[in-house]
Number of protein chains: 2
Amino acid sequence: MVSSTVENYLKALYKLANENAEVNISELSSELEVSKPTVNAMVKTLQQHGWVIYTKYKPLKLTEEGRKAAALILRKHRLTEMFLVEKMGFGWEEVHEIAEQVEHIKAPALFDRMDELMDYPKVDPHGSPIPDKDGNIIQKDSKKLSEHEVGEKVMLIALNHSSKEFLEFLDSRDISLNTVFEIKSVENFDDSMVVSYEKHPSETLSQKVCERLLVEKV
Amino acid sequence: MVSSTVENYLKALYKLANENAEVNISELSSELEVSKPTVNAMVKTLQQHGWVIYTKYKPLKLTEEGRKAAALILRKHRLTEMFLVEKMGFGWEEVHEIAEQVEHIKAPALFDRMDELMDYPKVDPHGSPIPDKDGNIIQKDSKKLSEHEVGEKVMLIALNHSSKEFLEFLDSRDISLNTVFEIKSVENFDDSMVVSYEKHPSETLSQKVCERLLVEKV
DNA sequence: AAATTTTGTTAGAGTTATCTAACTTTATAT
DNA sequence: ATATAAAGTTAGATAACTCTAACAAAATTT
């Protein structure tokens with residue numbers, strides 16, 4: 001049986017492979033906060049599962065089976081997050097740590113039931129897509145709020161990064177998925193944006209925030 | 001942080017201590033299906049946590065802290081089982097294996113929320129009491145069906161053992177918690193009982209079954 | 001092109017949880 | 001009360017996962 005440890009390496013590899021296609025041992029090492037020799041050793045295990053192709057001194061390549069196996073863990077993670085929010089009343093900033101543990105549970109029926117009870121949700125509480133049972137993932141296309149221009153109306157459909165701190169910041173400004181922003185102005189100096197939405201006629205969002213909000217035009 | 005492995009030793013110790021007060025290394029060894037030297041080594045870990053008192057060649061004694069720590073794991077297990085049945089539509093025969101994994105999750109909020117959503121249940125789906133947050137457990141007193149006599153009317157309030165096979169047997173006879181039996185006759189030869197309940201005017205239950213049904217007079 | 005930095009590997013060791021084999025202690029039976 | 005059986009311990013080994021120190025290879029800089 002695959003250990004949680006191995007599953008976490010696979011998840012990290014998948015995440016980095018989505019950003020860069022090729023992944024270094026060093027990158028994995030800092031992503032997982034373990035030493036490079038530890039990653040080096042673990043690569044052998046991943047290779048034995050057929051999840052990665054590796055030759056000495058070359059970058060890691062995730063195989064199709066690796067991609068699928070990782071997506072299925074992600075599926076468990078995101079179904080759990082959605083279940084915790086939708087069916088158990090947790091806030092979107094509380095669910096990541098719990099899902100980090102629940103995702104390793106070996107009980108397909110549990111996740112199938114969550115899926116069913118929520119009527120097969122397509123995204124998690126942060127707008128990230130939930131892979132299907134075959135590990136296929138449909139990424140809705142969206143742009144960063146920062147890429148839009150004055151006058152545009154856009155709806156928040158997902159978040160780029162979902163740290164607790166960022167989620168709490170959004171809570172404090174009453175920003176949630178599906179919030180519709182109208183861009184009032186863009187500050188040239190620091191790329192901050194002034195937007196209006198719902199009961200907030202004028203709110204300034206820093207560039208850092210605008211880069212993390214994924215929106216689509218409405 | 002306490003590993004699941006250690007938690008499983010503690011659980012087993014707690015279970016055996018409820019049956020015998022004093023527990024042998026050998027008993028633990030066969031309960032957990034690990035070798036005696038392995039148990040021997042683990043006892044040192046349990047001792048370091050202050051969960052057990054041990055001197056060479058003497059039986060193990062669970063401490064009060066050990067009892068409490070074990071009860072809190074049992075609490076997580078039983079809340080999970082009840083949640084799976086009550087809120088997720090699982091059958092009582094499906095939940096043990098899942099709860100066996102979920103009980104090791106370190107997220108008090110998850111279990112508090114289950115508790116709250118179910119309005120603080122007192123028993124799990126098999127009628128076993130759910131320990132409170134301080135590890136206190138209220139054992140309802142009950143007798144085995146086999147200890148009752150012809151003519152008595154009794155209600156099923158819990159099960160002694162909850163193997164999947166036994167639970168499936170009960171399902172097949174439409175027996176569930178709160179089923180009220182009237183004892184029609186007792187067979188001297190094999191101690192089987194003929195009972196009537198609900199839509200079953202006459203059903204024969206073997207002694208083995210009658211010993212596993214915990215009932216109270218109605 | 002050589003020097004430096006970054007990246008990757010090897011070697012050796014520690015921890016946790018497990019095993020078997022061999023031995024000792026305690027309990028049981030004749 | 002001695003022999004046998006059961007229970008417990010010690011020693012030594014293994015597997016998974018981690019580390020640091022030292023070295024080698026590859027990439028980058030000057």
Side-chain angles (χ1 to χ4, degrees), chain A residues 1-13 15-17 19-62 66 69-70 73 100-101 103-106, chain B residues 1-17 19-62 66 69-70 73 100-101 103-104 106:
Chain A
M1 203 197 48
V2 183
S3 70
S4 321
T5 311
V6 173
E7 291 191 340
N8 285 336
Y9 278 83
L10 183 60
K11 264 175 58 192
L13 185 54
K15 181 189 164 187
L16 295 173
E19 294 163 7
N20 299 323
E22 291 195 325
V23 181
N24 283 335
I25 295 231
S26 284
E27 283 163 9
L28 260 179
S29 164
S30 60
E31 174 70 24
L32 289 161
E33 298 182 287
V34 297
S35 72
K36 286 182 285 176
T38 302
V39 175
N40 195 281
M42 184 58 82
V43 166
K44 275 143 204 151
T45 306
L46 296 174
Q47 221 168 355
Q48 275 161 17
H49 281 98
W51 289 337
V52 77
I53 289 170
Y54 187 60
T55 27
K56 262 195 188 179
Y57 300 108
K58 293 275 176 321
L60 297 164
K61 261 186 280 179
L62 190 59
I73 301 168
E100 233 15 50
Q101 297 179 64
E103 70 188 4
H104 300 296
I105 287 177
K106 271 78 179 177
Chain B
M1 205 196 46
V2 182
S3 71
S4 322
T5 312
V6 172
E7 291 191 341
N8 285 335
Y9 278 83
L10 183 60
K11 265 175 57 192
L13 185 54
Y14 179 88
K15 180 188 163 186
L16 296 173
E19 292 161 8
N20 300 323
E22 290 194 326
V23 181
N24 284 334
I25 294 230
S26 284
E27 285 164 8
L28 261 179
S29 163
S30 60
E31 174 69 24
L32 288 162
E33 297 182 286
V34 296
S35 72
K36 286 182 283 175
T38 302
V39 175
N40 195 281
M42 184 56 83
V43 166
K44 274 143 204 153
T45 306
L46 297 174
Q47 221 169 355
Q48 276 162 15
H49 281 97
W51 288 339
V52 75
I53 288 169
Y54 187 60
T55 29
K56 262 194 187 179
Y57 300 109
K58 294 274 176 317
L60 297 164
K61 260 185 281 180
L62 190 60
I73 301 168
E100 221 38 32
Q101 297 179 66
E103 70 187 4
H104 300 297
K106 270 78 178 177

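Since the structure is predicted, the reported quantities are computational estimates derived from the model, not experimental observations. In what follows, chains are A, B, ... by sequence order, proteins preceding strands, each numbered from 1. Only this structure's heavy atoms are used, side chains among them; waters, hydrogens and symmetry mates stay out.
Looking only at distances, a side-chain donor or acceptor of B:Ser29 sits under 3.5 Å from a matching main-chain atom of B:Val34. No donor-acceptor pair closer than 3.5 Å links the side chain of A:Gln47 to the backbone N or O of A:Ile53. The backbone N or O of A:Leu60 sits nowhere less than 3.5 Å from a side-chain atom of A:Glu22 that would complete a donor-acceptor pair.
Out of C:dT18, D:dC17, D:dG8, the shortest distance to the side chain of A:Met42 is found at D:dC17. In this structure, of C:dT10, C:dC19, C:dG8, it is C:dG8 that holds the atom nearest to the side chain of A:Lys36. Across C:dA17, D:dA11, C:dT7, the shortest atom-to-atom separation from the side chain of A:Ser26 is found for C:dT7. Set against C:dC19, D:dA21, C:dG8, the side chain of A:Ile25 has C:dG8 as its closest nucleotide.
Computed from coordinates, the A:Met1 CE to C:dT18 P distance equals 13 Å when rounded to whole Å. B:Leu16 has its CG atom 14 Å from the P atom of D:dA7, to the nearest Å. Between the CD atom of A:Glu27 and the P atom of C:dG8 there is a distance of 8 Å, rounded to whole Å. Whole-Å rounding puts the B:Glu33 CD to C:dT20 P distance at 13 Å. Rounding to whole angstrom units, CG of residue B:Leu10 and P of C:dA17 are separated by 13 Å. If you take OH of B:Tyr57 and C1' of D:dA6, they are 13 Å apart, rounded to a whole angstrom. For the pair B:Asn24 CG and C:dA27 C1', the interatomic distance rounds to 11 Å; values are reported in whole Å. Between the CD atom of A:Glu7 and the P atom of D:dC17 there is a distance of 11 Å, rounded to whole Å.
Using a 4.0 Å cut-off, some side-chain N or O of B:Tyr9 falls inside it from OP1 or OP2 of C:dT18. OP1 or OP2 of D:dT10 has at least one side-chain nitrogen or oxygen of B:Lys56 nearer than 4.0 Å. Using a 4.0 Å cut-off, no side-chain N or O of A:Ser35 falls inside it from OP1 or OP2 of D:dT18. For C:dT16, the OP1/OP2 oxygens have no side-chain nitrogen or oxygen of B:Thr5 closer than 4.0 Å. Using a 4.0 Å cut-off, no side-chain N or O of B:Ser29 falls inside it from OP1 or OP2 of D:dA7. Distances shown here put every side-chain N or O of A:Thr38 at or beyond 4.0 Å from the OP1 or OP2 atom of D:dC17. In terms of phosphate contacts, A:Thr45 brings no side-chain nitrogen or oxygen within less than 4.0 Å of OP1 or OP2 of D:dA16.
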Residue pair A:Thr38, A:Ser35: steps toward the side chain to side chain donor-acceptor pair (under 3.5 Å) verdict: CA-CA 5 Å; A:Thr38 302; A:Ser35 72; 2.8 Å; yes
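Residues A:Lys58 and A:Ala41 each lie close to DNA chain D; by heavy-atom proximity, the contact nearer the 5' end of the strand is made by A:Ala41.
Atom CD of B:Glu33 sits in a sparse spot, with 12 or fewer heavy atoms from other residues, nucleotides or ligands closer than 6.0 Å.
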